[in-house]
Undergrad: 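Here's a structure for you.
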Amino acid sequence: MTSALKIDSTPLRLDVEKLRADFPILQQRVNGRPLVYLDNAATTQKPVQVITSQDQYYREYNSNIHRGVHTLSSKATAAFEQARSRVRTFIHAASDKEIIFVRGATEAINLVAQSYGRSRLGQGDEIIISEMEHHSNIVPWQLLCEQTGAILKVIPINDDGELIMDEYAKLLGEKTAMVAVTHISNALGTINPVRQIIEMAHAHAAVVLIDGAQAAPHTGIDVQSLDCDFYVFSGHKLFAPTGIGVLYGRQHLLDSMPPYQGGGDMIRMVSFAKTLYSDLPYKFEAGTPNIAGVIGLGAAIDYLDAIGMDAIAQYEHKLLGYATSAVKAVPGLKIIGTARDKTSILSFTLEGIHPHDLGTILDYDGIAIRTGHHCAMPVMEHFHVPATARASLAFYNTSGEIDYFIQSLHKAREIFR
Ligand code: 7TS
């Protein structure tokens, strides 16, 4: 099950066996079989380093932050703010002030739509998204359109699941106020040319949000080099706890935006006549935050940094190539999403078997995949399928697991013959 990757002889810089040992959950059996976890696009597993960080926080220094002068509160505050700096270096932001902690990618996008969008956009302004967005990067903009009279435009995709850039160019114009596009598609695995997307939007003075929920776990991110205005991701897809995520925003934009929520910690002074808001990043962090989650996110980033995002990307690229060749040999299997530039996600249909039935059969063998529309219904519509089966990889997956997964697919075909 855990054989070395055997695609070519290029030495790999990742000791996957050693890394797997860091993930207690991967050591278990499911339905009597060793767990093969291929649902990483939904959420990733947590290394012991992250789990321990949670345990330590609650056992040793659980305390509210930014408020207390006592020792535990100072310790919690220091850990919280240190994690913010870790996030800043991870995505190469210019300042800690540009790192806002939120619940996840979904909340980050809603924050931008409601704070930036609602204060800046009006009747007839245009927001461009794409056909391959997760619902989290569709619905907040639809809500904003209802509230402001702005208009939603959609970049179409081709049958390989790539953005049609010529159509994007045609959509851009004087009225374009906002472009919000995913870095990597959760339903197709397509890596979008975000640098080019951003450059083209800026040429029309539009502001750009990149949804990095699927990119952060698989590739290095440099928000300054990308030149994006907003970048969002979720901790739980990045080997960190659930309920924590990040909004990166350019400082001058965040500075100019009204608060998203009001409450404690986001104010400098409150009176009934007037309230003064805190400086960044606290202006956008009302209420007691997910302190443990932030500390866990810092621990996850430490863990990933020690491995190296380049090594992870290189390994996963090979593993996806291996898996793609292997599934192609399964009769009746159709891959949905065949972009040239892809990562870590293998969406497919298998003739004669509903994806949900397939998911159930694979589960008997201890294999966890996701089936359904993956919160990307427009993608399903494009490919005229109600659902797909999706195997999504992380650096702890092995070619041995892929072999076992393929065997199970063959078995499923036999059952449904
Ligand atoms: N954007 C993309 C591209 C995503 O894949 C997801 C979650 C989100 C936004 C929302 O992230 P959240 O953490 O705020 O929920 N994607 C998936 C998935 O593919 N299966 O389960 C969740």
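Atoms within each ligand, like the ligands themselves, are counted from 1 in listed order. Values below: all heavy atoms of this structure, side chains included; hydrogens, waters and symmetry mates excluded.
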Undergrad: Please step through side chain to side chain donor-acceptor pair (under 3.5 Å) for the pair Ser256 and Arg120, ending with a clear verdict.
TA: CA-CA 10 Å; Ser256 70; Arg120 300 289 185 92; 2.5 Å; yes
Undergrad: Does either side chain, that of Tyr57 or that of Asn62, offer a donor lying less than 3.5 Å from an acceptor on the other one?
TA: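 Indeed, the side chains of Tyr57 and Asn62 share at least one donor-acceptor pair under 3.5 Å.
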Undergrad: Residue-level breakdown please: for His183 versus ligand 1, do any non-hydrogen atoms fall below 4.0 Å on the side chain, on the backbone, on both, or on neither?
TA: neither
Undergrad: Less than 3.5 Å between some nitrogen or oxygen of Thr182 and one of ligand 1, yes or no?
TA: no
Undergrad: Under a 4.0 angstrom heavy-atom cut-off, which atoms of ligand 1 come close to Thr106?
TA: 10 (C), 11 (O), 12 (P), 14 (O), 15 (O)
Undergrad: Is Ala42 touching ligand 1 with its side chain, its backbone, both, or neither, if touching means heavy atoms under 4.0 Å apart?
TA: both
Undergrad: Is ligand 1 less than 4.0 angstrom away from at least one heavy atom of Ala41?
TA: yes
Undergrad: Looking only at heavy atoms, is any part of Glu107 under 4.0 Å from ligand 1, and if so is it the side chain, the backbone, or both, or is it neither?
TA: neither
Undergrad: Would you please determine whether His236 falls within less than 4.0 Å of ligand 1 on a heavy-atom basis?
TA: yes
Undergrad: Say whether Ser234, considering both its backbone and side-chain N or O atoms, lies within less than 3.5 Å of an N or O atom on ligand 1.
TA: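 In this structure, Ser234 places an N or O atom under 3.5 Å from an N or O of ligand 1.
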Undergrad: Is there a nitrogen or oxygen of Asn186 sitting under 3.5 Å from a nitrogen or oxygen of ligand 1?
TA: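 Yes, there is a polar N/O contact under 3.5 Å.
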Undergrad: Could you go through the side chain to side chain contact (heavy atoms under 4.5 Å, CB included) check for Thr44 and His236 one step at a time?
TA: CA-CA 6 Å; Thr44 50; His236 72 96; 5.8 Å; no
Undergrad: Is the closest heavy atom of Arg103 to ligand 1 under 4.0 Å?
TA: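 Checking ligand 1 against Arg103, which is what was asked, there is no heavy-atom contact under 4.0 Å.
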Undergrad: Below 4.0 Å from ligand 1: does a non-hydrogen atom of Asn137 turn up there or not?
TA: no
Undergrad: Quick one: which ligand 1 atoms are inside 4.0 Å of a heavy atom on Lys237?
TA: 6 (C), 7 (C), 11 (O), 16 (N), 17 (C), 18 (C), 22 (C)
Undergrad: Does OH in Tyr364 sit with more than 12 non-hydrogen atoms of other residues, nucleotides or ligands closer than 6.0 Å?
TA: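 No - once you tally the heavy atoms of other residues, nucleotides and ligands closer than 6.0 Å, there are 12 at most.
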Undergrad: Within the 3.5 Å criterion, strictly below it, is a donor on Ser225 or His92 matched to an acceptor on the partner's side chain?
TA: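 No, no side-chain donor-acceptor contact under 3.5 Å.
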Undergrad: Assess the side chains of Thr106 and Ser136: does a donor N or O sit below 3.5 Å from an acceptor N or O?
TA: yes
Undergrad: Quick check on contacts: which atoms of ligand 1 are under 4.0 angstrom from a heavy atom of Gln214?
TA: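 Listed by number with element: 3 (C), 4 (C), 5 (O), 16 (N), 19 (O).
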Undergrad: To which of His373, Arg390, His134 does the heavy atom nearest atom 20 (N) of ligand 1 belong?
TA: Arg390
Undergrad: Taking the inter-plane angle between the rings of Phe23 and Phe395 on a 0 to 90° scale, is it parallel (under 30°), tilted (30 to 60°) or perpendicular (over 60°)?
TA: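 Taking Phe395 first and then Phe23, their aromatic rings stand perpendicular (interplane angle over 60°).
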Undergrad: Step through it carefully: locate the ring centre of Phe80, locate the ring centre of His66, and say whether they are under 6.0 Å apart.
TA: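 Close enough - the centres of the two rings lie under 6.0 Å apart.
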Undergrad: Check each atom of ligand 1 against the heavy atoms of Ser136 and keep those under 4.0 Å away; list them by number with element.
TA: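 Going through ligand 1 atom by atom, the ones under 4.0 Å from Ser136 are 9 (C), 10 (C).
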Undergrad: Scan side-chain atoms only and decide if His356 and Thr371 contain a donor-acceptor pair under the 3.5 Å cut-off.
TA: yes
Undergrad: Looking only at protein heavy atoms, identify the closest one to atom 1 (N) of ligand 1 and say how far it is in Å.
TA: Asp211 OD2, 2.5 Å
Undergrad: May I ask you to decide if Ile406's main-chain N or O and Tyr404's side chain share a donor-acceptor pair within less than 3.5 Å?
TA: no
Undergrad: Any N or O on Arg370 sitting closer than 3.5 Å to an N or O of ligand 1?
TA: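 No - when backbone and side-chain N and O of Arg370 are compared with those of ligand 1, no distance drops under 3.5 Å.
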Undergrad: What about the rings of His134 and His374, do their centers lie closer together than 6.0 Å?
TA: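 His134 vs His374: aromatic centres not under 6.0 Å.
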